[in-house]
Amino acid sequence: MAELTGWLLDVYAGEQGLTIWLLTDNGERRCLSQTFPVTFFAASQAVRQGLDKLDLPAHGSTSDLRAAWRWLSSQSEPLRLARAERRDLFAGPIPVLSIEVQQPAHLPGLFRRFSAAFPNLTFYDADLPISLRYGAVFGVFPLCRCCVEVQGNQVKTILALDSPWDLDPEYPPLRLLALEPDCNPSHAVPKGIIFSYKDIRYRMPLEPVRALLANLKSILRTYDPDMLLTSWGDTWLLPKLLELSQANPLPLNRDPSALITRKEQRTYYAYGQVIYRGAQVHLAGRWHIDKYNAVMYHDYGLDGIFELARVTGLPVQTVARVSPGTGISSMQIMTALRQGVLVPWRKQQAEAPKNLFELVRADMGGLVYQPTIGLHSNVAEVDFVSMYPSIMSHFNISPETILPGENDPQTGLPLTRPERGLVPTTLQPLLQKRIAIKSQLLCLPKWDPRRKRYQATASAYKWLLVTCFGYLGYKNARFGRIESHEAVTAYGRETLLRAKEAAEDLGFEVLHLYVDGMWIKKPAFATPADFQPLLNEILTRTGLPIALDGVYRWVAFLPSRLDARIPVANRYFGVFQSGEIKVRGIELRRRDTPDFIRETQQQMLNILAKAPDAEHVPNLLPEVQALVHRRLADLKRGRVPPEKLIVRQTLSRELDAYRSPSPAALAARQLADRAAPLRPGQVVRFLYTLGKPGVRAWDLPGEMDCRTIDVARYSTLLERAAETIFQPFMSEPVETKLPLLSGLYMPNKTSLLQEQAAVNWISGTA
Amino acid sequence: MWPCWGYAVSMDILPLPPPRSLTVFCAPGGSLEPVAQVMAELALRGPLTVLDGGNRFPAYHLIRLISGRIFDPSSVLQHTFIRRAFTCHQVLAMLEGTLTLPQPCILLDLLATFYDEQVPVQEVRRLLDGALRQVERLCQVSPVLVTATPPHTTGRAFLLEQLCARADQLFALELPASPPLQPALF
Amino acid sequence: MGRTLPSSTQNFLQEQASFARFRRALRRSDQVALDDLFASARQHLAAAAYAANALPFETFLLAMLLEEHKQVMRLRQLVEADLHITPGDG
């Protein structure tokens, strides 16, 4: 028996038991195996729903379970069957048939046949990622430090030496090989591949293939990387390499006995958006991560991926490619496994009956108070810290803790059971660690190397936490339930109203409320310390932590584009006392805005941000105006590089489903005869051009004639973006103050301005 | 009486479902107007259960219809019950969990989730079979009205056929193939 | 699970649209006043949503009334200030 200490890199089902990869302290990459039977359960639906007590004829009776036992006994896989009692999250303890599968690799195939043969049974723990099962039993997780007792290559015991909730875990010294084609394969055909590892970086041409493959093979053998970090590796590079090396396979997998797993591309709808996911290539024994197919890679990078693997328990390659919804769902599964709660294969809860009154009360979203339009000085923005997750944790809101139809008689808020719920249990450490990291970030000096990792972690957690709320109401969430989702929004509204009341009681004017943030001001209040008593009061009244995001020197809340009388939530720009600019809902935040427009708008704001206070902003307007003039002149004289004029839009449907094609669809049609036509959810890049069809796809082969660029259209876009910035400062008719704008398209300019002045006057902000 | 804010009313399209029977109303595009009329009429007469399989219960419209008929609609709103299901598995679970009560039951857009192409045809067939057995159980004591829309693709047309085959009364709202032509005035 | 009921804003726009015929038949100057009235109610969509009145238009009407009353209060203040100041000045 020997003892190894190191990092757990990966766990997956192997030919015999589990395959476990360990990077030991002395730098060895050990491939170990472990016997690990896995269990899933079947129950009759009538029992699960408590319908047997109601004497209703439901399908899936106990006789089905007896038949299932007989069927399972006749299968070739070694199994152990037993009657048992387990806890369903909603129904409590129920009798189940427990099916222990000796080889984890057998489970998926067996379950597919079993569920097809007995579709009326309810299944639990049937489709869980093996890394979660393993983590639930031994308390280990991907990238954890652990101590392993082995006999030969067989793991006897494994013990975690750190926790996912450590702030500064020790990371393994990984060997990384970066591979990228010399251009984006969806834009042009790559001619070579760039290799980088250690301090080496070079390009090899794709032809001759033999040299390329020999080189790659030699690196894989000698350098033996733990990870391939690629650009377009899922969608082009690895499939290409696999195709080229068919005759003489490359050792891409470190585990020679395992297959390379490939997944098809797909398009799906989630959170009201069309999302496209490229094909995937997963390796065994070493990781493959494609920067362009990894979720949020631009946001939190490898640091975020590693952190997510540690807290979700999902393998590194998986967690890099799944949505935060899958991440939070995995964490809930882990909580359930640890608490001995059954994990349903499919969610089946329907809503409890509501009467019409209750429906109208419950079925609404967060509280959004329209802002008071116009320019304001010394405004504080206070935000609840992860408000919805904090609510779930603080008020113990979970699918199983909600008592449908039972509300507090005084507040009208939904009541919950006292036992700690599954969702709050899962969230609590995540919330605590995020708060700890945030406070560390506040005090760490700028040069501290930990900052980058902390920022990535905070960002990765933010997505998990944000998704957790939506996931409660997601129709397919295993632990979702509409009543708990509604309860969170009800507490959210109550929280914000209490904050508003506290602010008004202390003499503040509330300018805007947006889901979890509040913008307030009070004469002579300008320093962060001035606002502290209010924060304390809000904490007392709501029980939830609230923080000062900052005090704005000035902030401008913008009206609707169509009607200047109508305020729009979350559309503003302002400058904090630190000089930092904050912007929401305007052109430069939109993904489809061309760089030229975005940069100009940003530069306009940069100029305005030089003013020490709101009073001095108008002095800077001539400078801003001159900038816009210069940029318009650049555009008209062809001095703007065409790549700065690219518009990026996501295709919302299949090309032939467009009745009157959008510019994006027209551009995508120009590319339709390529080998891989664009699919819904993918981004198409194009320029506005003169004549028909008015667009040119950027990725069309051949040189672009810059004379065809629709300068007038871009001028209009720029003028509109400029107008957005100028608007709050126009206290008198535009013509006299800003001659530049006199030629702009602006409906009923004067009357709108007068009306806005009237609105400001009525609401006391003039 | 409260005014009925700007909504046209036509009462005589769909009759009330008779007791102990299954009425199926099939409308392309899922026109809910006649069903809303029936719901309002039934709600005014007593307790009503609405099971929504298409996430389209027209609550405000129904309340307006009821408010147009009586001065204080609150008691009516209190005994009009609604449950929602968002997947075909949940529709079956919802039906299984609905008690057999002698009050009318309306199933809105019963097939909507069954048209979800993500769920295999075989699974959908089994679930609908189970759902229809539950509907039959409810029909034994209550009047039941089921509304459905035709599928977008022919592959799932059998679902509507199966539902209609069980109906005691079947109503279909057919849109004219082409709108009647009126000579242009200008 | 998407929401089933329309949002406060959707309700508002629907109610406003249902008066299209009324608006069309008004004089142009009255149309402007009607639009103002609707625009003023939009300031209170959040409160209207929170109120969750079974008949949302009741709340929208009250919101219009509220904005009208704010105007009255301000104008009254102005007039009163004017009345008080003028004698002293004279």
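Within every chain, numbering begins at 1; the chains are lettered A, B, ... in the order of the sequence lines, protein sequences first and strands thereafter.
The minimum heavy-atom distance linking A/Val360 with C/Asn53 is given by the pair CG1-O, 4.1 Å. The nearest pair of heavy atoms linking C/Ala52 to A/Met364 is CB-CE, 3.6 Å. For the pair C/Arg3 and A/Gly365, the tightest heavy-atom approach, listed with the atom from each and the gap, is NH1-N, 3.2 Å.
Inter-residue side-chain proximity for C/Tyr50 and A/Glu494 is flagged as met; some heavy-atom pair is nearer than 4.5 Å. The side-chain heavy atoms of A/Gln370 and C/Arg42, taken from C-beta on, include no pair separated by under 4.5 Å.
A side-chain donor-acceptor contact under 3.5 Å links A/Asp363 to the backbone of C/Thr4.
Heavy-atom contacts from other residues, nucleotides or ligands closer than 6.0 Å to CZ of A/Arg361 number 12 or fewer.
Partners of A/Lys354 under the salt bridge (Lys or Arg N to Asp or Glu O under 4.0 Å) rule, at least two apart in sequence or in another chain, are A/Glu351, A/Glu486. For A/Glu381, the salt bridge (Lys or Arg N to Asp or Glu O under 4.0 Å) criterion is met by A/Lys582, not counting sequence neighbours.
Note on A/Leu367, A/Leu513, A/Leu359, A/Asn476: by heavy-atom pairs under 4.5 Å with chain C, the leading option is A/Leu359.
With a threshold of 4.5 angstrom between heavy atoms, A/Val368 approaches chain C through N, CA, C or O but not through any side-chain atom. Of the atoms belonging to C/Asp35, heavy atoms from both backbone and side chain fall under 4.5 Å from chain A. Neither the backbone nor the side chain of A/Leu356 comes within contact range of chain C, judged by heavy atoms closer than 4.5 Å.
Separating the OG1 atom in A/Thr372 from the CD atom in C/Gln43 is a distance of 8.0 Å, to the nearest 0.5 Å.
Ion pair A/Arg565/C/Asp36 flagged as a salt bridge, since at least one NZ, NE, NH1 or NH2 atom sits closer than 4.0 Å to an Asp/Glu carboxylate oxygen.
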